[in-house]
Amino acid sequence: MKLLNNYIDHTLLKATATKRDIIKLCNEAKEFNFYSVCVNSSYVALAKNELKNTKVKVCSVVGFPLGAMSTKAKVEETRAALNDGADEIDMVINVGFLKSKDFDYVWKDIEAVKSIMPNHTLKVILETCYLEELEIIKASELAIQSGANFIKTSTGFGISGANIHDIKLMKSVANNEVKIKASGGIKDAKTALEYINLGVERLGTSSGIEIVSGKSSHSNY
C-alpha cells in the first residue's frame with residue numbers, strides 16, 4: 001500500500017479562505033508530501049505558483065458545491081482552471097437533473113467537461129448524501145459512460161459525507177473501470193484506512209495533517 005499522505009488531496013474550499021490560507025495550504029502540502037491541494041478555481045493560479053518545482057498537483061473544483069449551474073458555465077470554469085495550471089478537476093453532477101431522471105443531461109454535462117480535458121484527471125462528485133441507492137448506481141454508471149477517471153462521494157458541503165455503504169455501492173459499479181475518491185468527514189487515520197481497504201484511491205480532506213500525524217481534527221471536510 002502507498003503511504004497515507006499519497007492518497008490525500010489536501011483541501012480548502014471554504015468561502016472565507018484567504019490568499020494567505022491558500023499559501024499555508026500549499027506549504028503544508030509540500031511539508032507532508034500530499035498528492036495534491038484541492039482549491040476553488042479562483043485560487044488555482046496562486047496554488048500553482050506556490051507549488052512550482054514540486055510534485056504536489058493542483059486540483060480545482062468546478063460547479064461547486066451545488067452542481068446546478070449550466071453545462072456551459074462548468075465547461076468555461078474548467079477551461080479557466082486548466083489555463084491557470086490545474087492538473088485535476090473535481091466537478092459536481094447536476095443532482096436535480098439526476099433526480100428528475102434526465103439522464104441524458106447528466107451524462108452530457110459530464111462529457112462536455114471531459115471533452116476539453118482528455119489528458120487530465122476528471123473526478124465526478126455524486127453528492128451521495130442526497131441520493132437513493134439506485135441513484136448512486138445510476139450516477140456512477142453515467143460518470144463512467146462519460147469518461148470520468150474517478151467517481152467521488154461528496155463535496156463536504158452536503159448534509160453528510162463519505163460512508164462505507166455508499167463506497168461499497170460505488171465500488172460495485174466501478175468494477176475497476178474508474179477509481180474512487182472519498183471525501184467529507186474524513187478526520188482520522190482509522191477512517192482513512194477503512195476507506196483505502198475498501199479500494200478507495202484518493203481521499204479529499206482538510207484534516208490531512210491530523211490523519212498522517214495521528215492528531216484529532218474538528219474540520220468538516
Side-chain angles (χ1 to χ4, degrees), residues 1-14 17 19-65 74 77-92 113-114 116-126 143 148-157 161-162 178-187 189 191-193 195-196 199-213 217 219-221:
M1 191 178 80
K2 296 180 292 188
L3 293 172
L4 205 48
N5 56 297
N6 291 326
Y7 286 88
I8 291 173
D9 289 345
H10 193 40
T11 302
L12 180 57
L13 299 168
K14 292 178 180 178
K19 290 182 179 180
R20 182 178 293 178
D21 293 333
I22 299 299
I23 292 169
K24 180 173 181 282
L25 183 84
C26 292
N27 287 334
E28 291 168 349
K30 288 186 281 189
E31 179 182 353
F32 290 92
N33 293 312
F34 292 131
Y35 187 89
S36 80
V37 297
C38 187
V39 297
N40 281 295
S41 59
S42 62
Y43 279 131
V44 169
L46 174 61
K48 192 69 174 181
N49 184 62
E50 291 297 317
L51 294 167
K52 63 186 177 184
N53 302 321
T54 76
K55 293 182 179 180
V56 182
K57 296 185 183 298
V58 177
C59 170
S60 175
V61 292
V62 162
F64 195 87
K74 290 179 181 177
E77 186 179 15
T78 300
R79 197 188 310 276
L82 295 173
N83 287 341
D84 283 343
D87 300 292
E88 302 186 340
I89 299 292
D90 287 21
M91 73 165 285
V92 188
V113 170
K114 183 59 181 176
I116 67 163
M117 49 177 291
N119 300 316
H120 290 77
T121 295
L122 175 64
K123 309 189 206 87
V124 175
I125 305 171
L126 309 185
N149 304 100
F150 279 78
I151 46 178
K152 175 179 170 181
T153 60
S154 320
T155 62
F157 285 74
V178 296
K179 299 175 182 179
I180 294 174
K181 176 176 174 178
S183 61
I186 305 170
K187 302 176 184 179
T191 304
L193 288 168
Y195 293 160
I196 290 168
V200 165
E201 298 199 40
R202 200 78 66 79
L203 302 167
T205 178
S206 55
S207 303
I209 295 171
E210 291 82 5
I211 288 170
V212 298
S213 67
S217 168
S219 175
N220 292 325
Y221 192 92

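Along the sequence shown, the residues carry numbers beginning at 1.
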* Asked: Under 4.5 Å between any side-chain heavy atoms of Leu12 and Ser206, yes or no?
  -> no
* Asked: Got a sec, which residues hit salt bridge (charged side-chain N to carboxylate O under 4.0 Å, His left out) with Lys181, two or more places apart in sequence or on another chain?
  -> Asp9, Asp90
* Residue list, salt bridge (charged side-chain N to carboxylate O under 4.0 Å, His left out) with Lys24, at least two apart or on another chain -> Glu28
* Structure fact -> The complete set of salt bridge (Lys or Arg N to Asp or Glu O under 4.0 Å) pairs with one or both residues in residues 35-45, sequence neighbours excluded, reads none
* Asked: What residues, two or more places apart in sequence or in another chain, satisfy side chain to side chain contact (heavy atoms under 4.5 Å, CB included) together with Ala192?
  -> Leu4, Ile186, Leu203, Ile211
* Asked: Looking only at heavy atoms, which two atoms of Ala47 and Ile22 are closest? And how far apart?
  -> CB-CG2, 4.4 Å
* Asked: Partners of Asn49 by side chain to side chain contact (heavy atoms under 4.5 Å, CB included), sequence neighbours excluded?
  -> Lys52
* Asked: Can you tell me how far the CG atom of Leu126 sits from the CD1 atom of Ile151, to the nearest 0.5 Å?
  -> 6.0 Å
* Asked: Which one of Leu122, Val61, Ile125 satisfies the side chain to side chain contact (heavy atoms under 4.5 Å, CB included) criterion with Met91?
  -> Leu122
* Not counting sequence neighbours, which residues clear side chain to side chain donor-acceptor pair (under 3.5 Å) with Thr121? List them please. => none
* Classify the side-chain pair Asn33/Lys55 by whether it contains a donor and acceptor separated by less than 3.5 Å. => no
* To do: Under the salt bridge (charged side-chain N to carboxylate O under 4.0 Å, His left out) rule, collect the residues that match up with Asp84, sequence neighbours excluded.
  => none
* Asked: Roughly how far, to the nearest 0.5 Å, is the CG atom of Asn5 from the OG atom of Ser213?
  -> 11.5 Å
* Asked: Can you list the residues that meet the ring pair (Phe, Tyr, Trp, His ring centres under 6.0 Å) rule with Phe32, with sequence neighbours excluded?
  -> Phe34
* Structure fact -> Lys30 meets the salt bridge (charged side-chain N to carboxylate O under 4.0 Å, His left out) criterion, sequence neighbours left out, with none
* Nearest 0.5 Å please: distance from the CG atom of Asp87 over to the NE2 atom of His120. => 6.5 Å
* Structure fact -> dist Arg202:CZ -> Asn6:CG (nearest 0.5 Å) comes out at 10.0 Å
* Give, for atom NZ of Lys152 and atom CD1 of Ile180, the distance between the pair rounded to the nearest 0.5 Å. => 13.5 Å
* Could you check Lys114 against Asn149 for side-chain contact (heavy atoms from CB on, under 4.5 Å), going step by step and ending with a plain yes or no? => CA-CA 9 Å; Lys114 183 59 181 176; Asn149 304 100; 2.9 Å; yes
* Test side chain to side chain contact (heavy atoms under 4.5 Å, CB included) applied to Ser154 - qualifying residues, sequence neighbours left out -> Glu127, Thr128, Ser183
* Minimal non-hydrogen separation, Ile23 against Glu50, with atom names -> CG2-OE1, 3.7 Å
* **Which residues share a ring pair (Phe, Tyr, Trp, His ring centres under 6.0 Å) with Phe64, sequence neighbours left out** => Phe157
* Structure fact -> In short, Asn40 meets Lys14 closest at the heavy-atom pair ND2-O, 4.4 Å
* **Distance, nearest 0.5 Å, that separates CD of Glu77 from OG of Ser42** => 8.5 Å
* Of all residues at least two apart in sequence or in a different chain, which pass the side chain to side chain contact (heavy atoms under 4.5 Å, CB included) check with Lys19? -> Tyr43, Leu46
* To do: Side-chain contact test, heavy atoms from C-beta onward, threshold under 4.5 Å: evaluate it for Ile8 versus Thr205 and give yes or no.
  => yes
* Asked: Can you check whether Tyr35 reaches Glu88 side chain to side chain, under 4.5 Å on heavy atoms?
  -> yes
* Structure fact -> Minimal heavy-atom distance between Leu51 and Val58, with the atoms involved, is CD1-CG2, 3.9 Å
* To do: Heavy atoms only: give me the nearest Val124-Ala148 pair and the separation to one decimal.
  => CG2-CB, 3.5 Å
